[in-house]
J.: 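Below are the structure tokens for one structure; questions will follow.
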Amino acid sequence: MRGIWRRGVDVAAFGLGFMLVRVALPVPLYRVFDYRLAPGQVAVVGARVRVPFGRRALVGVVVALPEPGAAYAAREDLRVVSDVLDAVPLLSAALLRLLQWTADYYHYPFGEVIATALPGLLRGGAPALFPPVVFFQLTAAGLGADLAALRRAPRQQAVLQVLQQVPGGLAADDARLLALGNWRGAMQGLVQRGWVVRERRERTQDTSATRQDASATSATLPVLNADQAQAVATVQGQAGHRVYVLEGVTGSGKTEVYLSLMAATLAQERQCLVLVPEIALTPQLLARFRARLPVAMTVLHSGLSEKVRLQGWLAARSGQARVIIGTRSAVFVPWAQPGLIVVDEEHDASLKQHEGLRYHARDLAVLRGYREDVPVVLGSATPSLESLANVAKGAYQCVRLPRRAGGARLPSVRVVDMRRQWHDEGLSVSVLDAISAHLEAGGQVLLFLNRRGFAPALVCEGCGWSAQCPQCDAHLTWHQRAGLLCCHHCGTRSAPVRVCPGCQGRLRPRGEGTQRIEAALARHFPDAPLVRIDRDSTQGREAFEQVFAAIHAQQYRILIGTQMLAKGHDFPGVSLAVILGVDQGLFSTDFRAQERLAQVITQVAGRAGRAERPGEVLIQTFHPEHPFLRTLLQSGYAVVSQDLLEQRRLAGLPPFAAFALIRAEARDSALGEQFLAAVRAYLLPDAQGVAVLGPVPAPMQRRAGWFRAHLLLHAPSRSVLQRLLRARVCEFDALPLARQVRWSVDIDPVDMG
DNA sequence: AGCACGCCGACT
DNA sequence: GTCGGCGTGCTC
């Protein structure tokens, strides 16, 4: 045997042509595949390989090097690796183990888990190198050129000036160029003068995604108040892995605590990974970090171009990016020097992926922190019941910031009883009066309603008919601005119906969406500039940024919006927050509805009165006596969440039990349930301790033309549940009807719909 | 998932 | 007589 062995058994090299690699491929199959290496090929665990698979070629990742041993004789038929794409592991052994665990826990094919963890370009086989970039460099003539000669071409002058400061040349995506705005025309002019040459260059390090802010040349450490200092000391007092729940009321300065912990981590030459629930939260967090930490940072989320995403991913992997800010998929990003994981807004349901590999980024962050022995900080003003239960168990440690920073007071919260007063288009007199008082006092007013459109239904006055989605079991939402009926479940849009098709009666919008509230407010307060912020009004990220800048500049006095408005943003000028549409949350059948309602009320309420001005919060409801609302208002989230936890414990619901939801959908109404009946029959003989409930039609049975059904598995613990599912989910495909339905397994489902 | 093979209806 | 429907079988 003439194999080359480096790093123990991690390297397979040609010897007598019998080296094997075990490859995970991006196919929905619960297994891996063995291949032979051709003479001369070398592959390491974690490297990508291109292999023949059936009639096609696929890119997979080497996950093990099986010993040929005595079994080799039987394996001469193995196919041969076509290409080894990485000379060094693209994915470390530690990351592969995390991905393997993810595949096992969420019952998803390993190869597909790996594929979701890789940037698209790497998945497709692109080299793991920073993409070449266009460089601009001065010629000798350009170096000696006189700036004054360009007096009549100020843009060229500006570009030349920048280039003369950087003799090595500048990349087209360099911050110093981007800062000039529209520089391309001017650069072209300089190229034509013969002062600049344009060339493509390979690069070994990222020059854009990880760019560090030139202004933050030294760490400006935050000045912490006593609570913050205590929080930081608690986390720093213990080495290695621990999970901390940083429970900080809105305005208490959680970000300052993150910054402090990050600065200490960076000082130890380690990297920081910060996860946020939404893309929209990354720019402001990045800006705050950049202003304070003088290190290269990168952002990773699905809104980036493939090239930029690859750069960021590689920068994290190489250690060039010292801070990585990302949405949930960033939990899988490789890093060279693990240091600290922060999960911001850890209660947010967006951290759970709701299709494909249905992982929870917070839960995986905790596991990853454990595996890599780094602290994990879960931050929220309204921690999830899961995290609070872990605190109660002693598994996580709670660190509190109970006061607003800067001495700001918490807002006063009042319930407005809708039954006792006149209201207009969903706005009560009390609310209208309060808005007018706050506007007069110079404050901004924020109204929250988690429903887009003008009205959630269009109903006939005569016979009660209402416009229904042809694809879903749902009302169409009336969008007055666009003049369209829209389905919020499948995206169908249709021209409005003018009269009732049954009785020719008049149609009326029923209920309120943000557009209707906007229209009513515009009528009541014609002089107050108003802005609506929801998915319909604020498309694209720059639109979002611009609107927020305008709000900060007090260009708007009234803000009306959906959760887009409620998540994590600071509005220092807002003195009144009004929360509308809480009632459906009070009586929802979803066992998480009250937790979510408590979180959203607390989060929106936190938007009011952040500075010296005391804020006011109004909650409009037809059920002011509801015990949940009373407790929330009298005692706050901390008490309500403990109440809800106790209810969950008594009812045997998560986090005191483990759920898995098996979903199936088909074009034919009965197939999904029939398939799930087969799943049930398959599981039942070994389901001791696990309640198999259903199959039942999903709460909204038809959606986008698919009939949906569920099977709910309810176990006293995750391990009991996993014991049943292990080695069984991978057999579901062999059950009758499996090929005629779309099925999926959702472990720890967040959305039970 | 792809991509083949294989056996029954309406078309040049 | 073929083109083509999607059932089912396999992928190292």
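Computation of the quantities below employed the complete heavy-atom set of this structure, encompassing side-chain atoms and omitting hydrogens, waters and symmetry-equivalent molecules. So that the names make sense, note that chain A is the first sequence line, chain B the second, and so on, each numbered from 1.
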J.: Have a look at A:F53 and say if it touches a base, only the backbone sugar-phosphate, or nothing, with a 4.0 Å heavy-atom cut-off.
T.: base

J.: Please name the residue in the list A:R708, A:E665, A:Q471 that meets the side-chain contact (heavy atoms from CB on, under 4.5 Å) test with A:R703.
T.: A:R708

J.: Kindly point out which of B:dC3, C:dC12, B:dA1 is positioned nearest to the side chain of A:R55?
T.: B:dC3

J.: Closest to the A:R31 side chain: C:dC10, C:dC12, B:dA1?
T.: C:dC12

J.: Strictly under 6.0 Å, is that where the ring centroids of A:Y359 and A:Y108 end up?
T.: no

J.: Grab the CG-P distance between A:L737 and C:dG7 for me, whole Å please.
T.: 12 Å

J.: Has A:Y682 got a side-chain atom pairing as donor or acceptor with A:V729's backbone, closer than 3.5 angstrom?
T.: no

J.: So what does A:P52 touch, heavy atoms closer than 4.0 Å: a base, only the sugar-phosphate, or nothing?
T.: sugar-phosphate

J.: Can you tell me the distance, in whole Å, between the CG atom of A:D733 and the P atom of B:dA1?
T.: 8 Å

J.: Taking A:I279's backbone N and O only, do any of them form a donor-acceptor pair with A:H301's side chain (distance below 3.5 Å, no angle check)?
T.: no

J.: Hey, does A:L25 reach any base, or is it just sugar-phosphate, or nothing, if we go heavy atoms under 4.0 Å?
T.: nothing

J.: Roughly, in whole Å, what's the span from OH in A:Y35 to C1' in C:dC12?
T.: 5 Å

J.: OP1, OP2 of C:dT8 versus side-chain N and O of A:R739: anything below 4.0 Å?
T.: no

J.: May I have the distance from A:Q740 (atom CD) to C:dC6 (atom C1'), rounded to whole angstrom?
T.: 10 Å

J.: Can you tell me how far P of B:dG2 sits from CZ of A:F33, to the nearest Å?
T.: 14 Å

J.: For the side chain of A:L29, starting at C-beta, report the closest nucleotide among C:dC12, B:dG2, C:dT11.
T.: C:dT11

J.: Between A:Y30 (OH) and B:dA1 (C1'), how many Å, whole number?
T.: 13 Å

J.: Output the rounded distance in Å from CZ (A:R36) to C1' (C:dC12).
T.: 11 Å

J.: Do the ring centers of A:H475 and A:H488 come within less than 6.0 Å of each other?
T.: no

